[in-house]
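Have a look at the structure below before the remarks.
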Amino acid sequence: MKLYNTRTRKIEALKPLKDNLIRIYSCGPTVYDRAHIGNLSSFIFVDTLRRTLDIAGFSVKHAMNITDVDDKTIRRSHEQYPAQNPRSALEKLTNKYTAAFQADMQAVGNDMDSLTLLRATDPRALEAMQQLILKLHEQGFAYTADDGVYFSIEAYRKSGKTYGQLLELSPNSTSRARIQNDEYDKASLHDFALWKKQKDGEPAWEFSLGGHDLTGRPGWHIECSAMSRLLLGQPFDIHTGGIDLVFPHHENEIAQSTADETNPLLATVFAHNEHILVDGKKMAKSAHNFYTLQDITKRGYDPLAFRLLVLQAHYRSQIHFSWENMEAAQHRLNDLQAIADLRHQPQISEMPGELNHLFKTTRQEIYDAMLDDLNSPLALTSLNKLFNYLAGIATPGVEGRYSEGILTFLDNVFGLQLSNRPDISNPQKQAIVTRQKARVAKDWKKSDELREQIKQQGIGLRDTPHGAVWHRL
RNA sequence: GGCGCCUUGGCGGAGUGGUUACGCAGAGGUCUGCAAAACCUUUUACACCGGUUCAAUUCCGGUAGGCGCCUCCA
């Protein structure tokens, strides 16, 4: 398995730190609103990574945080639940959007069963964060200010470690905007908050450091450092996230997680996915090109078609989302589903001999493509070549040969849910048989009527030398 | 200003020093009771300019254009 590593800027062979186990930590959503399609694409990437590791024979442990406390979340909870006390307002808001997140994840085919989710405000998580902050403070990497606790990059550097492992920071890179926006009382520019003291009306959790009451809430970066250590141990194998998280988020995580350790490693591999562009531009609410999964399903598209759209591009290149491309992906998905549905249809006795061979080479090609830095577009090519062949031999009845497990294999890799599609109903099957009899009797009127009836139920028919083959419209 | 990435046919998108993926869309045709599907053909693809080479879309240099990060945005 080869994977591009942001840390080394190279494609590297993946070597587990421990036995055959790959531990993955993914930066999860901030649940103050519905996830947008960019978030989802990021999670589709991670899910695909996990699937690929699976078929490559690794055992995988995958953890993800849910950020359920931050400025935006707090603000939104006040707006939506003004009568509630801050903690329960926050909880109501984040419960709602956590559920929405899980529903969206499921809809786009991400396997939730293999994912350990932990909320930032979970007592176990908060405990881990506070312990880490205390330790960092004790060792001189953290200092208190009027409004909270900060991480000292200077102290980190003096201890001989490198701040800027993922991104080289130049002295000139500091923008004036950043200084002007700096509302906090920190000692130097890049220092960041580990813990923020409660302000009026904010939800807060008890915390004291050196006898001082610091009741408040955690900073964003400390979440991931503490939770990844809690859930996976340290160092772990792969840390994922969107490309925008490289700096400062992951850089700061590295600093927090390695300051108190002799081992300078947080994770072996940092894997980042590129962003989705909408009509060639960055998605933004102000640009009116900001979409959620709901916007996609409202227009009648299958969430799995969105998954396919994402898989059609390499995860390290920008994905071009547009309604035209969405339409194309939906059509492609329809075709794949129609071929998959052949497994429910009557068998012919003679199977072309090369089919087994084709199943084998398809598997191998997909395996090779995916293990080569997740080349999903290339892997999909192999899938299409196989399906083109199946469609070409107009085959009701590849069912028996599907026992090769090819559909299951494809689902394990792509998550497009081709193997578990339901059969049509018995009355529908009966209607097809009746129509076939009418056709044999050259009763075209009756035959066409029946075809129209079945069409009304969303089932299309095409006549082949082996009989009628149905597909969903 | 600093760091990095990208530019492939109508759209999307792999890949390769010589054999020109794949998907979607358009046009024409074959086949068919009709339809559908399939198949065939088709719409001068590799931003531009140099260089290396027997040969470059693929390697090197430059030009133009686009994008990302450098602000708690996946």
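Quick note on labels: first sequence line is chain A, next is B, and so on, each numbered from 1.
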N/O-N/O pairs, protein side and nucleotides 40-43 of chain B side, under 3.5 Å:
none

Inset, instruction - Please round to the nearest 0.5 Å and tell me the distance separating atom OG1 of A:Thr48 and atom OH of A:Tyr315. - result: 11.0 Å
Legend entry - Separation of A:Asp68 CG from A:Tyr32 OH (nearest 0.5 Å): 14.5 Å
Quote, to the nearest angstrom, the [atom1] distance that separates [N] from [M].
N	M	atom1	answer
B:G18	B:C31	C1'	38 Å
B:G23	B:A64	C1'	31 Å
B:U8	B:A35	C1'	38 Å
B:U71	B:C3	P	16 Å
B:G68	B:C73	C1'	12 Å
B:G10	B:C48	P	14 Å
B:A37	B:C69	C1'	49 Å
B:A74	B:U41	P	48 Å

Inset, instruction - Could you pick out which residue, A:Ser322 or A:Ile37, lies toward the 5' side of RNA chain B when each is mapped onto its nearest nucleotide? - result: A:Ser322
Inset, instruction - Specify the residue among A:Ile319 and A:His331 whose closest nucleotide of RNA chain B lies further upstream toward the 5′ end. - result: A:Ile319
Inset, instruction - Run the salt-bridge test on A:Asp47 and A:Arg51 with the 4.0 Å N-O cut-off and return the result as yes or no. - result: yes
Inset, instruction - Answer yes or no: is there an ion pair linking A:Arg332 with A:Asp335, defined by an N-O contact shorter than 4.0 Å? - result: no
Across the strands shown, which category fits [X] at heavy-atom distances under 4.0 angstrom: base, sugar-phosphate, nothing?
X	result
A:Asp448	base
A:Leu383	nothing
A:Gly241	sugar-phosphate

Legend entry - salt bridge (charged side-chain N to carboxylate O under 4.0 Å, His left out) contacts touching residues 237-246 of chain A (sequence neighbours left out): A:Arg23-A:Asp237
Inset, instruction - With pairs defined as Watson-Crick or G-U wobble and both distances under 3.5 angstrom, please note down RNA chain B as a dot-bracket string, | for pairing with another strand. - result: (((((((..(((.....[...))).(((((.......)))))....(((((..]....))))))))))))....
Inset, instruction - Assess the side chains of A:Gln256 and A:Asn252: does a donor N or O sit below 3.5 Å from an acceptor N or O? - result: no
Under 3.5 Å, which protein N or O atoms sit close to an N or O of nucleotides 35-37 of chain B? Give each pair with its distance.
residue	atom	partner	partner atom	Å
B:A35	N1	A:Asp463	N	2.9
B:A35	N3	A:Arg451	NH1	3.1
B:A37	O2'	A:Arg462	NH1	3.0

Inset, instruction - Check whether any side-chain N or O of A:Lys72 sits under 4.0 Å from OP1 or OP2 of B:C73, and answer yes or no. - result: yes
Inset, instruction - Kindly say if A:Asn39 contacts the phosphate of B:A74, meaning a side-chain N or O under 4.0 Å from OP1 or OP2. - result: yes
If you restrict it to nitrogen or oxygen atoms, what contacts under 3.5 Å exist between nucleotides 15-20 of chain B and the protein, and what is each distance?
residue	atom	partner	partner atom	Å
B:G15	OP1	A:Asn375	ND2	3.0

Inset, instruction - Report the nucleotide, chosen from B:C22, B:A74, B:G33, that has the shortest atom-to-atom distance to any side-chain atom of A:Arg332. - result: B:C22
Inset, instruction - Check the distance between B:C72's P and A:Arg76's CZ and give it to me in whole angstrom. - result: 19 Å
Inset, instruction - Please report, rounded to the nearest Å, how far the C1' atom of B:C22 is from the CD1 atom of A:Ile339. - result: 15 Å
With sequence neighbours excluded, residues passing salt bridge (charged side-chain N to carboxylate O under 4.0 Å, His left out) with [X]:
X	result
A:Asp423	A:Lys429
A:Arg7	none
A:Glu449	A:Lys445
A:Arg421	A:Asp341

Inset, instruction - Name the orientation class of the two ring planes belonging to A:Phe290 and A:His36 (parallel below 30°, tilted from 30 to 60°, perpendicular beyond 60°). - result: perpendicular
Legend entry - Qualifying residue for side chain to side chain contact (heavy atoms under 4.5 Å, CB included) with A:Leu383, from A:Ile339, A:Ile406, A:Leu336, A:Thr362: A:Leu336
List every contact pair, protein side and nucleotides 26-30 of chain B side both N or O, where the distance is under 3.5 Å.
none

Inset, instruction - With the side chain counted from C-beta on, respond yes when A:Cys27 and A:His249 share a heavy-atom pair under 4.5 Å apart, and no when they do not. - result: yes
Pairs under 3.5 Å (N/O, protein and nucleotides 66-69 of chain B):
residue	atom	partner	partner atom	Å
B:C67	O2'	A:Gln318	NE2	2.4
B:C69	OP1	A:Lys282	NZ	2.5

Name every donor-acceptor pair, under 3.5 Å, that has one atom in a side chain of residues 98-107 of chain A and the other anywhere in the protein, sequence neighbours excluded.
residue	atom	partner	partner atom	Å
A:Thr98	OG1	A:Thr94	O	2.5
A:Asp104	OD1	A:Arg34	NH2	3.1

Inset, instruction - Pick out which of A:Tyr150, A:Phe192, A:Phe151, A:Trp195 makes a ring pair (Phe, Tyr, Trp, His ring centres under 6.0 Å) with A:His221. - result: A:Phe192
